[in-house]
Novice: 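Once you've had a glance at the structure underneath, I'll fire off some questions.
Numbers here simply count residues along the sequence, with the first being 1. As the structure is a prediction and not an experimental result, all values here were calculated from the model.
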Amino acid sequence: MSKTQMDKLRSGKGSRKLTRAERSELTRESLLRAAAEIIGEVGYRDASITLIAQRAGIANGTFYNYFDTRQDLFDVLLPYVGENLLNTITQSIGSETTGVERERSRYRAYVEFYRCNPGFSRVLDEAAVYAPVAFQTHIRVFAEGYIRALRRCIERGEIQDFDEGELPAVVFMLMGARSYFNILNEMPELESFRPSAQKLEDTYIKILTNGLFAKSAD
């Protein structure tokens, strides 16, 4: 079931009665959303089943209808949140947008997702220790999708001076840049380094325009 369908069910739109499977899926998603919020607030170590169940509005015992252990939930949480991030990025890109402007749209969607989900940084960063399988899955899925997107840019002639074999390095550089932008924006101690949000975006796009998307000299 897509996120759009889930949102419609959650909002109560439509007059038909939900099926048992739909109610079950809504409850499972409520647990995942609650876990993301709780971990964002207190971290994986202190994100107890009790706190997660309370935030989801269900009884503790109901948790075990969906996950055998707390770790079972942790192992699927980051890929679930990551899928929401990828959907947000995909939906933000207009069908007519090309080249570096697609990257601008992608960047803005990424920033907006972090703004609307302030706990995501902690869910992502601590997963490397508390949910390594989920962390590896998230990084792989995100990188593979990004590589496919840039490969299409090569096919359309929007990227001219980089070949397909260089895309993994390019993708991890761009992912790393965004991660450190988040650190820059979130740590008060780094305020002296922090430009305006617009300057940060413009500088990022300038590097892409003059680098990855630069026109070939040939």
Side-chain angles (χ1 to χ4, degrees), residues 1-7 36 77-121 123-125 127-128 133-187 190 193-218:
M1 188 180 298
S2 70
K3 184 178 183 297
T4 299
Q5 291 172 317
M6 294 294 291
D7 288 341
L77 178 62
L78 181 55
Y80 162 79
V81 181
E83 183 180 6
N84 289 339
L85 169 57
L86 287 174
N87 288 339
T88 298
I89 292 173
T90 299
Q91 292 166 10
S92 73
I93 300 174
S95 59
E96 303 301 319
T97 308
T98 61
V100 74
E101 288 308 312
R102 288 182 71 86
E103 285 303 305
R104 187 186 295 274
S105 296
R106 188 176 281 116
Y107 173 85
R108 287 177 174 174
Y110 184 85
V111 170
E112 179 65 11
F113 185 87
Y114 267 81
R115 187 187 69 80
C116 295
N117 299 272
F120 180 58
S121 288
V123 172
L124 173 61
D125 294 343
V133 173
F135 184 78
Q136 293 164 17
T137 298
H138 170 76
I139 297 299
R140 185 181 68 254
V141 169
F142 203 95
E144 288 174 347
Y146 209 165
I147 289 169
R148 287 194 300 270
L150 294 185
R151 186 182 297 127
R152 290 192 291 271
C153 288
I154 290 177
E155 293 169 353
R156 292 192 296 264
E158 297 162 4
I159 294 176
Q160 299 178 1
D161 284 341
F162 291 80
D163 60 42
E164 191 170 323
E166 295 172 302
L167 292 183
V170 169
V171 161
F172 277 87
M173 279 190 277
L174 295 179
M175 289 167 58
R178 293 175 188 178
S179 294
Y180 274 88
F181 284 175
N182 290 329
I183 293 173
L184 178 61
N185 287 326
E186 292 172 358
M187 290 185 64
L190 298 178
F193 294 98
R194 190 182 306 140
S196 68
Q198 189 61 56
K199 176 63 73 174
L200 199 61
E201 175 186 320
D202 290 344
T203 304
Y204 179 77
I205 296 302
K206 183 177 182 179
I207 289 173
L208 291 180
T209 300
N210 295 329
L212 182 61
F213 290 91
K215 298 301 181 183
S216 175
D218 297 337

Novice: Can you see which heavy atom on Ser105 is nearest to which on Thr97, and at what distance?
Specialist: OG-CG2, 4.3 Å
Novice: Does any donor atom in the side chain of Asn87 or Gln91 lie under 3.5 Å from an acceptor atom in the other side chain?
Specialist: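 Checked: Asn87/Gln91 side chains show no N/O donor-acceptor pair below 3.5 Å.
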Novice: Can you find a heavy atom in the side chain of Thr88 that is under 4.5 Å from one in the side chain of Glu112?
Specialist: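 Thr88 does not reach Glu112 side chain to side chain.
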Novice: Give me the atom names and distance for the closest heavy-atom approach of Glu186 to Ser121.
Specialist: OE2-OG, 2.7 Å
Novice: Identify the two heavy atoms, one from Pro195 and one from Leu184, that lie closest to each other, and give their separation to 0.1 Å.
Specialist: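 Where Pro195 meets Leu184 most closely, the heavy atoms are CD-CD2, 4.0 Å.
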Novice: Nearest heavy-atom pair of Ala177 and Tyr204: which atoms, and what distance?
Specialist: CB-CE1, 4.3 Å
Novice: Less than 4.5 Å apart, side chain to side chain, heavy atoms only: is that true for Ser92 and Arg108?
Specialist: no
Novice: The criterion is salt bridge (charged side-chain N to carboxylate O under 4.0 Å, His left out); which residues satisfy it with Asp125, sequence neighbours excluded?
Specialist: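 Applying salt bridge (charged side-chain N to carboxylate O under 4.0 Å, His left out) to Asp125 gives none.
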Novice: Spell out, as yes or no, whether a donor-acceptor pair under 3.5 Å connects the side chain of Arg194 to the backbone of Met187.
Specialist: yes
Novice: Throw together a table of side-chain donor-acceptor distances under 3.5 angstrom for residues 141-153, partners on residues two or more places apart or in other chains.
Specialist:
| unit_1 | atom_1 | unit_2 | atom_2 | d |
| --- | --- | --- | --- | --- |
| Tyr146 | OH | Glu103 | OE1 | 2.5 |
| Tyr146 | OH | Arg178 | NH2 | 2.8 |
| Arg151 | NE | Glu164 | OE2 | 3.0 |

Novice: Does atom CD (Glu96) have a neighbourhood of more than 12 heavy atoms from anything else shown, all under 6.0 Å?
Specialist: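 It does not: Glu96 CD has 12 such atoms or fewer within range.
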Novice: What's the separation between atom OH in Tyr110 and atom CD1 in Ile89, rounded to the nearest 0.5 Å?
Specialist: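 Tyr110 OH to Ile89 CD1: 8.0 Å, rounded to 0.5 Å.
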Novice: Evaluate the side-chain proximity of Val111 to Phe181: yes if any heavy-atom separation is below 4.5 Å, no if none is.
Specialist: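 In short, these two side chains do not touch, never coming nearer than 4.5 Å.
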Novice: Between OG of Ser179 and OH of Tyr114, what distance do you get to the nearest 0.5 Å?
Specialist: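 If we round to the nearest 0.5 Å, Ser179:OG and Tyr114:OH are 5.5 Å apart.
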Novice: Within the 4.5 Å heavy-atom criterion, are Val170 and Ile159 side-chain neighbours or not?
Specialist: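 Counting from C-beta outward, Val170 and Ile159 never come under 4.5 Å.
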Novice: Side chain of Glu83, backbone of Tyr80: donor and acceptor closer than 3.5 Å?
Specialist: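 The answer is no, because no donor-acceptor pair under 3.5 Å joins these two groups.
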Novice: Given side chains that start at C-beta, do those of Leu85 and Asn117 come closer than 4.5 Å, heavy atoms only?
Specialist: no
Novice: Of all the heavy-atom pairs spanning Lys215 and Asp161, show the shortest one and how long it is.
Specialist: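 Answer, listing the atom of Lys215 first, then Asp161: O-OD2, 4.0 Å.
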Novice: Is the shortest heavy-atom distance from the side chain of Tyr180 to the side chain of Leu190 under 4.5 Å?
Specialist: no
Novice: From Arg102 CZ over to Ile93 CD1, what is the distance, rounded to the nearest 0.5 angstrom?
Specialist: 4.5 Å
Novice: Assess whether side chain to side chain contact (heavy atoms under 4.5 Å, CB included) is satisfied between Tyr107 and Leu200, documenting all intermediate values.
Specialist: CA-CA 11 Å; Tyr107 173 85; Leu200 199 61; 3.9 Å; yes
Novice: What's the spacing between Asn84 CG and Phe113 CZ if we round to 0.5 Å?
Specialist: 5.5 Å
Novice: Could you pull out every donor-acceptor pair under 3.5 Å between side chains of residues 205-213 and any protein atom, sequence neighbours left out?
Specialist:
| unit_1 | atom_1 | unit_2 | atom_2 | d |
| --- | --- | --- | --- | --- |
| Thr209 | OG1 | Ile205 | O | 2.8 |
| Asn210 | ND2 | Lys206 | O | 3.3 |

Novice: By side-chain contact (heavy atoms from CB on, under 4.5 Å), which residues pair with Thr90, not counting sequence neighbours?
Specialist: none
Novice: For Ile139 and Phe172, which heavy atoms make the closest approach, and how far apart are they?
Specialist: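 Heavy atoms of Ile139 and Phe172 come nearest at CG2-CE2, 3.8 Å.
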Novice: Could you list the residues that satisfy side-chain contact (heavy atoms from CB on, under 4.5 Å) with Gln136, not counting sequence neighbours?
Specialist: Pro132
Novice: With sequence neighbours left out, write down each residue that passes side-chain contact (heavy atoms from CB on, under 4.5 Å) with Ala134, or none if nothing qualifies.
Specialist: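 With neighbours one apart ignored, the set is Leu78, Pro79, Ala131.
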